Amino acid sequence: EFKKMYARYGINYETPVFDFKDPQVDYFAKYNFAVQESQDSVSPRNNPTTGDILFDLGIFPQRNLKGTSEDHRMQGRCLQLILFNIFATWYYLPYRSLEEYKKVASGFIREKIAYFLPLVDEYAKKRASDRLAILL
């Protein structure tokens with residue numbers, strides 16, 4: 001849905017790290033909660049991070065932006081992700097299927113895109129005198 005929306009305005013929407021799988025880390029071993037590191041443990045230093053990938057693609061100016069002023073300029077804090085994970089993992093998905101979740105989520109996104117497209121179109125035509133410019 002996002003790709004279609006952006007394409008409408010001639011923008012190529014890319015998500016180079018969307019399917020990134022975090023390395024599995026044995027946090028008990030990492031923080032010395034266990035005497036011996038398990039065999040499943042992975043050292044983050046030996047595995048690329050999303051920052052590494054985005055740096056290698058020339059998108060990030062350095063490998064680790066977490067907590068820097070550049071990071072704060074680029075994105076809002078992702079603390080709300082904790083609340084979403086609690087909702088999705090402990091409330092929604094135990095009672096509904098992943099397919100149902102995807103259907104509901106994509107319907108929500110389509111609804112919001114349909115609401116905002118006329119505002120964006122109006123902005124593209126009128127610029128400063130339209131309703132979206134006032135909101136911005």
Side-chain angles (χ1 to χ4, degrees):
E1 297 302 321
F2 288 120
K3 284 184 178 192
K4 287 190 286 188
M5 179 186 64
Y6 279 86
R8 177 182 174 131
Y9 302 102
I11 300 168
N12 187 23
Y13 180 85
E14 297 288 332
T15 53
V17 293
F18 182 79
D19 292 319
F20 179 79
K21 301 292 184 225
D22 289 327
Q24 297 301 307
V25 177
D26 182 344
Y27 287 99
F28 285 101
K30 180 178 178 181
Y31 294 107
N32 297 317
F33 293 132
V35 177
Q36 184 175 350
E37 195 169 307
S38 76
Q39 291 181 343
D40 294 333
S41 177
V42 175
S43 169
R45 291 183 302 274
N46 297 330
N47 296 289
T49 64
T50 54
D52 292 327
I53 294 166
L54 294 170
F55 175 78
D56 292 342
L57 290 170
I59 296 171
F60 276 8
Q62 62 193 59
R63 292 188 182 280
N64 185 4
L65 292 179
K66 297 279 186 205
T68 66
S69 59
E70 184 74 19
D71 179 30
H72 292 215
R73 250 178 17 120
M74 268 190 329
Q75 68 177 0
R77 300 295 78 214
C78 56
L79 295 175
Q80 72 276 9
L81 185 59
I82 295 168
L83 295 176
F84 172 77
N85 284 338
I86 291 170
F87 166 77
T89 306
W90 293 347
Y91 175 75
Y92 196 91
L93 291 174
Y95 303 103
R96 294 174 179 88
S97 71
L98 182 59
E99 289 308 311
E100 184 180 357
Y101 169 77
K102 288 178 180 180
K103 182 179 176 183
V104 169
S106 60
F108 176 80
I109 290 168
R110 280 192 301 277
E111 178 184 316
K112 296 307 172 190
I113 288 173
Y115 176 82
F116 278 101
L117 281 180
L119 293 172
V120 174
D121 289 341
E122 182 182 337
Y123 177 77
K125 289 178 186 170
K126 298 181 183 177
R127 301 290 172 171
S129 65
D130 76 334
R131 292 177 292 154
L132 183 61
I134 293 167
L135 293 174
L136 295 175

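Start at 1 with the first residue, then count along the sequence. The structure presented is a predicted model; accordingly, all values stated were derived computationally and were not measured.
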For the pair Tyr101 and Tyr92, name the ring-plane relationship: parallel under 30°, tilted 30 to 60°, perpendicular over 60°.
perpendicular
Spacing of CZ belonging to Phe60 relative to CG belonging to Leu65, to within rounding of 0.5 Å:
5.0 Å
Is it the case that the side chain of Thr89 and the backbone of Ile86 share a donor-acceptor pair, with hydrogens and angles ignored and the cut-off at 3.5 Å?
no
Sequence neighbours excluded, the answer for salt bridge (Lys or Arg N to Asp or Glu O under 4.0 Å) partners of Glu14 is none
When clusters are formed by joining ILVMFWY residues with side-chain heavy atoms under 4.5 Å apart, either directly or through shared neighbours, do Tyr91 and Leu93 land in the same one?
yes
With sequence neighbours excluded, what pairs up with Tyr6 under the ring pair (Phe, Tyr, Trp, His ring centres under 6.0 Å) test?
Tyr13
Side-chain heavy atoms under 4.5 angstrom apart, residues restricted to Ile, Leu, Val, Met, Phe, Trp, Tyr: same cluster for Leu98 and Val104?
yes
Smallest separation among heavy atoms of Ile109 and Phe2, with atom names:
CG2-CZ, 3.9 Å
For Arg63, salt bridge (Lys or Arg N to Asp or Glu O under 4.0 Å) partners two or more places apart
Asp52, Asp56
Closest non-hydrogen contact found for Ala88 with Pro94 is O-CD, 4.0 Å
In sequence, state the C-alpha distance, the side-chain angles, and the governing distance for Phe55 and Asn64, and then conclude on side-chain contact (heavy atoms from CB on, under 4.5 Å).
CA-CA 9 Å; Phe55 175 78; Asn64 185 4; over 6 Å; no
Glu1/Lys4 salt bridge by N-O under 4.0 Å criterion:
yes
Nearest-0.5 Å distance, CG of residue Asp71 to OG1 of residue Thr68
5.0 Å
For Asp121 and Tyr9, run side-chain contact (heavy atoms from CB on, under 4.5 Å): C-alpha distance rounded to whole Å, both residues' side-chain angles, the deciding distance at 0.1 Å, then the answer.
CA-CA 9 Å; Asp121 289 341; Tyr9 302 102; 2.6 Å; yes
